[in-house]
Amino acid sequence: MRIFSGIQPTGRKHLGNYIGAITQYVAGQERGEAIYCIVDLHAITVAYEPPALRESVYDTAATLLAAGLDPERCTFFRQSDVPEHTELTWLLTSVTAYGDLNRMHQFKEKSAAQRELVSAGLFFYPVLMAADVLAYRAHDVPVGDDQRQHVELMRDVAERFNSRFGDTLVVPDVRIPEVGARIMDLQFPDRKMSTTGGSPQGTVYVLDEPDAVVKKFRSAVTDSGTDVVRAPDKAGISNLIEILAAVRGAGPEEVEQQFDGAGYGDFKTAVADAVVEYLAPVRERYQALRADEPGLERILAAGADKARSISADTVVDVRRAMGVGPVRTSG
Ligand code: ATP
Ligand code: MG
């Protein structure tokens, strides 16, 4: 069982990333051969500052290591260190339908949010993501709910490749957590918590000070009712129930039972305290890891070597199947 997932270095990582993706990455190390990548080449598809990008890669690497990624038990690297991802992207464009890319929700949302350029990179984002996963012939892709459509697309790409050029790529399955797959912004509970599109008060960062976490939860937008129950017209409260359930590793119905009759104020305080406690060990470990940039570089470079030893073989096979370049044998 091979597992692959990528995470963007843009800005600081938030509670949605942590619950929806990062905890799954840590668990994946027990389940199979886990490969995780900081996708800096995805981050350049929207407006960004070059020095900040490099810093963000270190921030994200230290956060993931603090959360429990162990370079001895997984392959952990920076996407741009492995050029096979970009080569495979281009090769896969030949079996990617323009019409499918045009239907991607993420492209519609992110392109609408751009103030200046809507880059072609933003449009191609799902092809690069397909290449990320298919380069490793991964079986299992742990992601949050927002990435479901992109995994569907990469499955289509792999299937079209295999039927056009012969069985070469593995068609991967999506793995979405049962609880916490879509954590919403605390101020705008109809939008997902997001690295690039969120509201400052509605986004809880993994590295936020406890005071800031408490403040954000206390000011979370809720409805005018009083019952701590999930309902379609109670997006704010439903989100808080989901967060507490995920943090406790419990079901949302258990949270509803426990807070039956409690007011929103007490409930919000309980969620805030639970999240503070949940994130505290990560914050503590982060500082020392982040301070050692040469150490982070060494980990990422060793990870890139391991990653290349797998992805290079796939690219050789893909080129051969497609009739690109001279005849070569893999390995
Ligand atoms: P952006 O909004 O700019 O795309 P992001 O917050 O989605 O950034 P990514 O690095 O793109 O961050 O996503 C990393 C992982 O976190 C993905 O698997 C994604 O599905 C998951 N994820 C992102 N937001 C949430 C969320 N609000 N709830 C649960 N999982 C999430
Ligand atoms: Mg995203």
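In listed order, ligands and their atoms are each counted from 1.
Those atoms of ligand 1 with a heavy atom of I7 less than 4.0 angstrom away are 10 (O), 14 (C). Distances below 4.0 Å separate heavy atoms of K13 from the following atoms of ligand 1: 10 (O), 12 (O).
Salt bridge E87/R319: present, at least one basic N to carboxylate O contact under 4.0 Å. K234 has no carboxylate O lying under 4.0 Å from a charged side-chain N of D227, or vice versa, which leaves the two without a salt bridge. A salt bridge links E297 with R78: the closest approach of a Lys/Arg side-chain nitrogen to an acidic carboxylate oxygen falls below 4.0 angstrom. Classification of D208 and R283 as a salt-bridged pair fails, no side-chain N sitting under 4.0 Å from a carboxylate O. For the pair R290 and E55, the salt-bridge criterion is met [side-chain N within less than 4.0 Å of a carboxylate O].
The shortest contact between atom 9 (P) of ligand 1 and any protein heavy atom is with Q8 CG, 4.0 Å. The nearest protein atom to atom 3 (O) of ligand 1, hydrogens excluded, is given as T196 OG1, 2.5 Å; this is a heavy-atom distance. Given atom 4 (O) of ligand 1, the protein heavy atom at minimum distance is K110 NZ, 2.7 Å. For atom 2 (O) of ligand 1, the closest non-hydrogen atom on the protein side is S194 OG, 2.5 Å. Of the protein's heavy atoms, D146 OD1, 2.6 Å lies nearest to atom 20 (O) of ligand 1. Counting protein heavy atoms only, atom 16 (O) of ligand 1 is closest to N17 ND2, 3.1 Å. The protein heavy-atom contact nearest to atom 7 (O) of ligand 1 is K192 NZ, 2.7 Å. Protein heavy atom in closest approach to atom 27 (N) of ligand 1: I183 O, 2.7 Å.
Among G16, A113, G197, S5, the residue whose heavy atom sits closest to atom 25 (C) of ligand 1 is G16.
Although no hydrogens or angles enter the test, the distance criterion places no donor-acceptor pair under 3.5 Å between the side chain of T45 and the main chain of L41.
Residue H14 has at least one nitrogen or oxygen atom sitting less than 3.5 Å from a nitrogen or oxygen atom of ligand 1, judged on distance alone.
Within the 6.0 Å centre-distance limit, the rings of H85 and Y136 are counted as a close aromatic pair.
Nearest heavy-atom pair across M154 and A130 is CB-CB, 3.6 Å.
More than 12 heavy atoms of other shown residues, nucleotides or ligands fall within 6.0 angstrom of atom CD in E293.
Residue-level proximity to ligand 1 for M184 is absent, since no heavy atom of it falls below 4.0 angstrom.
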